[in-house]
Number of protein chains: 2
Amino acid sequence: MSANSRLTIAAHALTWIGLYQRRGHEVATSEQIATSVNTNPVVIRRLLAKLSKAGLADSRRGAGAGWMLARDLAAITLLDVYQAIEPGPVFALHRATPDPECIVGHGIGPAMAAVYDDVEAALRRELAKTTLEDVLRDVLKAA
Amino acid sequence: MSANSRLTIAAHALTWIGLYQRRGHEVATSEQIATSVNTNPVVIRRLLAKLSKAGLADSRRGAGAGWMLARDLAAITLLDVYQAIEPGPVFALHRATPDPECIVGHGIGPAMAAVYDDVEAALRRELAKTTLEDVLRDVLKAA
DNA sequence: CCTTAGTGTAACTATTTTGGTTACATCGGC
DNA sequence: GCCGATGTAACCAAAATAGTTACACTAAGG
C-alpha cells in the first residue's frame, strides 16, 4: 500500500524531544533530531511545524532556539500525531468517476465510502490507545 | 496518505461480475468491466489476475472468454479482496535506518512496528465485516 | 547594535508508487 | 484457421513522498 513514514518520524521526533527534556535540556534542535532519525533537518522542521499547529509542540527562535513539547508525552496519543500530519484517507475511491449509467458504477462510490469511514474510525480508535509515553517506555525497555 | 484505489476498483469489478452473472450471463469481459469502472481493460485484467490467484475469480480463455466469480458474492469479504491485492503495510517505518547509537533511534522501530501490527489487525477486522453481497445490496438500494 | 545559531518556508530535485497505454503472444470454441 | 478474448511485458505519465539547497527572519548575548 501507500506506506508513508511520516507518523513514524513524527513519533520519533516527539519522543526524542521528550526524553531530551527529561534529561534536563530546555530545547532540542531540528539538527539533533534529524541526526537520530537519519534524515534532513528540514524534513523534521516541516513535520514539527504541523505538530506545532496542532498544539503538540512549540518552537523558540533566535539564539538558544529549538523545540519543546507543548504537552507531556503521556498526554499525546498516536492519534493526535496522526491527525496533525495526515491529510488524506487510507483508501481512495475511483480516480476517474465510474460510469453513472451503470447501476454498479453509480452506487459503488457511496457504498465503499461508508465502509471506509468505518475502517478509518477503527484505525483511529486503535491509534488512540497508545501514548508517546507508552512508546518511550517500549523504547527504554528495548535498550 | 497513500490513498490508492485498488480496493475500490477490485470490489467494483467483482460486484459487477456478480450482478452480471445473476442477470443470466456466463462471463464478463475486462472490456465491459473497464467501461463501468471508467478505466483501461488492462488495469482490470491485472487486478483480476491477482484475485484469480487468491481464488476469488476465474477466467476462461479462447472464444467466449471472460471472467466469472469463483465464489458467491456473499462468500467474499472486503478483507479477502484486500489481502489479494495489497502487498504492503499501511504505515511504513523509517526510510533510512535511524541512528542505532541513539536510544530512541535504536528502539523506536520495534516499538512502532508493534503498534502498527495492532492497527493493521483492527483494519482487517473491520474489512472482514463487509461482504460483496453487502456492497451489492447497498448499490441496488441507492439505485 | 551586531554577531550568531537556529527556526520558517519556498523552490527544486530525486525516488517511488500508482495508474494508464500500447503491443503482442496465446488460448480455444466455432 | 479465424477471432475475440485473456495474460503479460514494456513503457509512459502523473502524483505522492522525501531529500536538499537557499535564504529571510528571529532573539539572546556579548
Side-chain angles (χ1 to χ4, degrees), chain A residues 1-10 12-13 17 20 25-35 37-54 57-68 70 85-98, chain B residues 1-10 12-13 17 20 25-35 37-54 57-68 70 85-98:
Chain A
M1 156 142 286
S2 65
N4 74 64
S5 61
R6 279 193 292 272
L7 182 56
T8 302
I9 308 297
H12 186 154
I17 298 172
Y20 196 62
H25 301 274
E26 280 270 318
V27 297
T29 71
S30 62
E31 172 102 31
Q32 294 172 313
I33 301 167
T35 299
V37 173
N38 188 16
T39 184
N40 193 292
V42 175
V43 173
I44 300 298
R45 279 185 240 147
R46 274 201 292 237
L47 271 176
L48 286 175
K50 290 192 178 180
L51 295 169
S52 166
K53 272 178 198 145
D58 276 317
S59 67
R60 178 186 296 171
R61 307 188 59 167
W67 295 87
M68 63 196 91
I85 60 176
E86 292 291 350
V90 175
F91 294 109
L93 294 182
H94 304 72
R95 177 179 288 198
T97 63
Chain B
M1 157 142 282
S2 64
N4 74 65
S5 62
R6 279 192 292 273
L7 182 54
T8 302
I9 307 298
H12 185 154
I17 298 173
Y20 196 62
H25 301 275
E26 280 269 317
V27 297
T29 70
S30 61
E31 173 101 32
Q32 295 172 312
I33 301 166
T35 298
V37 172
N38 188 15
T39 185
N40 192 292
V42 175
V43 173
I44 300 297
R45 279 185 243 148
R46 275 201 290 238
L47 270 176
L48 286 176
K50 290 191 180 181
L51 296 169
S52 166
K53 273 177 197 145
D58 277 317
S59 67
R60 179 188 295 172
R61 306 193 57 170
W67 294 86
M68 63 196 91
I85 60 176
E86 291 291 351
V90 175
F91 295 109
L93 294 182
H94 305 70
R95 177 179 287 199
T97 62

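In what follows, chains are A, B, ... by sequence order, proteins preceding strands, each numbered from 1. The structure presented is a predicted model; accordingly, all values stated were derived computationally and were not measured.
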Which whole-number value in Å describes the distance from [X] [atom1] to [N] [atom2]?
X	N	atom1	atom2	answer
A:N4	C:dT17	CG	P	12 Å
A:H94	C:dG19	NE2	P	11 Å
A:L47	D:dT20	CG	C1'	16 Å
A:L7	D:dA18	CG	C1'	16 Å
B:I33	C:dG20	CD1	P	15 Å
A:I85	D:dA16	CD1	C1'	15 Å
A:E26	D:dA27	CD	C1'	15 Å
A:E31	D:dT20	CD	P	12 Å

Original post:
What's the verdict on side chain to side chain contact (heavy atoms under 4.5 Å, CB included) for A:L48 and A:I33, showing C-alpha distance, side-chain angles and the deciding distance?
Top reply: CA-CA 11 Å; A:L48 286 175; A:I33 301 167; 4.0 Å; yes
With the criterion being N/O to N/O and under 3.5 Å, what pairs connect the protein with nucleotides 10-12 of chain D, and how long is each?
| from | atom 1 | to | atom 2 | distance (Å) |
| --- | --- | --- | --- | --- |
| D:dA10 | N6 | B:R46 | NH1 | 3.2 |

Original post:
Would you call the rings of B:H12 and A:H94 parallel, tilted or perpendicular if under 30° counts as parallel and over 60° as perpendicular?
Top reply: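 Rings of B:H12 and A:H94: perpendicular, as their planes differ by over 60°.
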Strictly distance-based, threshold 3.5 Å: is any side-chain N or O of [X] a donor or acceptor partner for the main-chain N or O of [Y]?
X	Y	result
A:D58	A:M68	no
B:T8	A:A92	yes
B:T39	B:I44	no

Minimum-distance nucleotide (side-chain atoms of [X] versus [options]):
X	options	answer
A:V43	C:dG20, D:dT17, D:dG19	D:dG19
B:N40	C:dC27, C:dT7, C:dT21	C:dT21
A:S30	C:dG28, C:dT7, C:dG20	C:dT7
A:R45	C:dG19, D:dA18, C:dT7	C:dT7

Subject >> Earlier contact from the 5' end, DNA chain D, for B:S52 and B:A96 >> reply: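 Final value for this comparison: B:S52.
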Original post:
Mapping A:G62 and B:K53 onto DNA chain D by nearest heavy atom, which one lands closer to the 5' end?
Top reply: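 Nearer the 5' end of the strand: B:K53.
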[X] vs [N]: side-chain N/O to OP1/OP2 distance below 4.0 Å:
X	N	answer
A:T39	D:dG19	yes
B:S59	D:dT6	no
B:R60	C:dG28	no
B:S5	C:dT18	no

**OP:** Would you classify A:G66 as touching base, sugar-phosphate or nothing, given that sugar-phosphate means primed atoms plus P, OP1 and OP2, and contacts are heavy atoms under 4.0 Å?
**Re:**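 Since only primed, P, OP1 and OP2 atoms lie under 4.0 Å of A:G66, the category is sugar-phosphate.
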Original post:
Counting any heavy atom closer than 4.0 Å, what does A:A63 reach on the DNA or RNA strands: base, sugar-phosphate only, or nothing?
Top reply: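 The answer is base, as A:A63 lies within the cut-off (heavy atoms under 4.0 Å) of a base atom.
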Subject >> A:S30 side chain to A:R45 side chain, donor-acceptor N/O pair below 3.5 angstrom >> reply: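 A:S30 vs A:R45: donor-acceptor pair found between side chains.
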Subject >> Polar pair under 3.5 Å, donor/acceptor by atom type, side chain A:R61, base D:dT26 >> reply: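 Flag unset: no donor-acceptor pair detected.
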**OP:** Check B:E86 against B:L7 and note the closest heavy-atom contact, atom names and distance.
**Re:**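 Looks like OE2-N, 4.4 Å.
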Subject >> B:Q32 to B:V27 - nearest heavy-atom pair and separation >> reply: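 Closest approach of B:Q32 to B:V27: OE1-O, 4.3 Å.
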